[in-house]
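One structure is given below, encoded as structure tokens.
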Amino acid sequence: MSDDDGAGEQLTDDQKREIAVWFLSNAPAGEIHYVAKDVRALLGDEAVYEAAAAEAYPKYNKAHLVSLELPDRSGDIIITTYGELDKNNYLDPRTAQVATVDHIKQTCTKLRPAADEELPSAYIEEFRNAIDVEVSKYVGEAYPKGVCAVYCTSGKDIEEPGADFGLAVVISAARRSPQNFCNGSWRSVWTLEFSYAFQLVEIKGKIQVGAHYFEEGNVQLDTDVDRKDSTLLQTPEDTALSVTNIIRHQESEYFSSLEESYLNLSDATFKDLRRKLPVTRTLFPWHNTHALSLTRDLAKELALGK
């Protein structure tokens, strides 16, 4: 990443690092290691690359909700801000454990039991666990390689009814098939705000879908949508069923809309991308090319038709 002599000013190390961070952070789902290999070669400076990787990988892992297998094989942990205790330690609320993560290698290196202050109260855990159980069933049915987790986002020390609290449902599913030149991911985050005064649960969700096909080309899909709904605050079990049904409905509806848009690609989308008429505002008369002066001139010069 250096300019030729006389072509311009030399890039500083900070500028190189910023450019490298941008490329790494914007790598398609499941492809950051491939991008990193090329960035490293282009930089030709190990110190600059390591600084860029240390900044970009955590950002990438959290943005893509990367899931990593726990060292004891008891499940997977999602790298998300909702479970982030510090730069390298993440809470797995289902197993009440804290995993130490190597962001660049994308592996869990250590595991320890979560401290009491890192976990919600028994009252909050009832709701969290009930929703986790139902969402896990849904994810197992809907996403072959999906993982999910439910985190407490506020009010984790509440011991009994009477106050508001918040939870977040995080769903991550990825399909990686580089040998077939395609990768993709489905990410959704649903925040649940429990209002005791109104006996309501306000639900807000963001769904993000990414896909990358790169066989003899480079085609990417990167789309997202925001959704919201609400349900009555009931017992933990009933609330969990209601919340999960809403998530299932909203995600199924969005998935169906994506499928429908693909079916219409050739008939509508691609057609809309083309110019309706040439710049002359007249359709080309393929049925009567003699109407064009160039055709007449050529015919005359070549004595065509005689």
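Computed from heavy atoms alone, side chains included, the values below leave out hydrogens, waters and symmetry copies. Along the sequence shown, residues carry numbers from 1.
Here the straight-line distance linking atom CG of L65 with atom CD1 of I171 works out to 10.0 Å at 0.5 Å rounding. With rounding to the nearest 0.5 Å, the separation of CD in E55 from CD in E18 is 8.0 Å.
The heavy-atom pair separating A56 from S25 by the smallest distance is CB-OG, 3.7 Å. Minimum heavy-atom separation, I104 to A54: CD1-N, 4.3 Å. Summarising the geometry of F127 relative to Q234, their closest heavy-atom pair is CE2-O, 3.7 Å, with the distance given to 0.1 Å. For the residue pair K228 and Q250, the shortest heavy atom distance occurs at O-NE2, 4.0 Å. The two residues I124 and C152 come nearest to each other via the heavy atoms CG2-SG, 3.8 Å. What you find for P28 and H64 is that their closest heavy atoms are C-CE1, 4.3 Å.
Remark: the N129 side chain and the D132 side chain contain no N/O donor-acceptor pair separated by less than 3.5 Å. Side-chain contact, H212 with D222: no donor N or O sits under 3.5 Å from an acceptor N or O.
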- Mind running salt bridge (charged side-chain N to carboxylate O under 4.0 Å, His left out) on E118 and R112 for me, showing each step along the way? CA-CA 12 Å; E118 294 169 334; R112 67 167 175 83; 2.9 Å; yes
- Task: Show your reasoning for whether salt bridge (charged side-chain N to carboxylate O under 4.0 Å, His left out) applies to E69 and R73.
- Result: CA-CA 6 Å; E69 186 178 35; R73 300 183 182 276; 3.3 Å; yes
- Message: Does S74 form a side chain to side chain contact (heavy atoms under 4.5 Å, CB included) with R94? I'd like the steps, not just the answer.
- Response: CA-CA 10 Å; S74 60; R94 184 176 300 143; over 6 Å; no
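Checked for salt-bridge contact, R227 and E253 meet the test: a charged N lies under 4.0 Å from a carboxylate O. Between K204 and D226 there is no salt bridge, since no side-chain N of the basic residue sits under 4.0 Å from a carboxylate O of the acidic one.
Not one N or O on the side chain of E251 forms a donor-acceptor pair closer than 3.5 Å with the backbone of R248. Put simply, the side chain of R128 never gets that close to the backbone of A168: no donor and acceptor are under 3.5 Å apart.
In this structure, H249 has its ring center no closer than 6.0 Å to that of Y254. In this structure, F165 has its ring center no closer than 6.0 Å to that of Y196.
Residue-environment remark: CG (D116) stays at or below the threshold of 12 foreign heavy atoms within 6.0 Å. Under a cut-off of 6.0 angstrom, the local environment of OH in Y123 is crowded, with over 12 non-hydrogen atoms contributed by other residues, nucleotides or ligands. Atom CZ of R175 sits in a sparse spot, with 12 or fewer heavy atoms from other residues, nucleotides or ligands closer than 6.0 Å.
A ring pair (Phe, Tyr, Trp, His ring centres under 6.0 Å) with H103 holds for exactly one of Y57, Y60, Y90; it is Y90.
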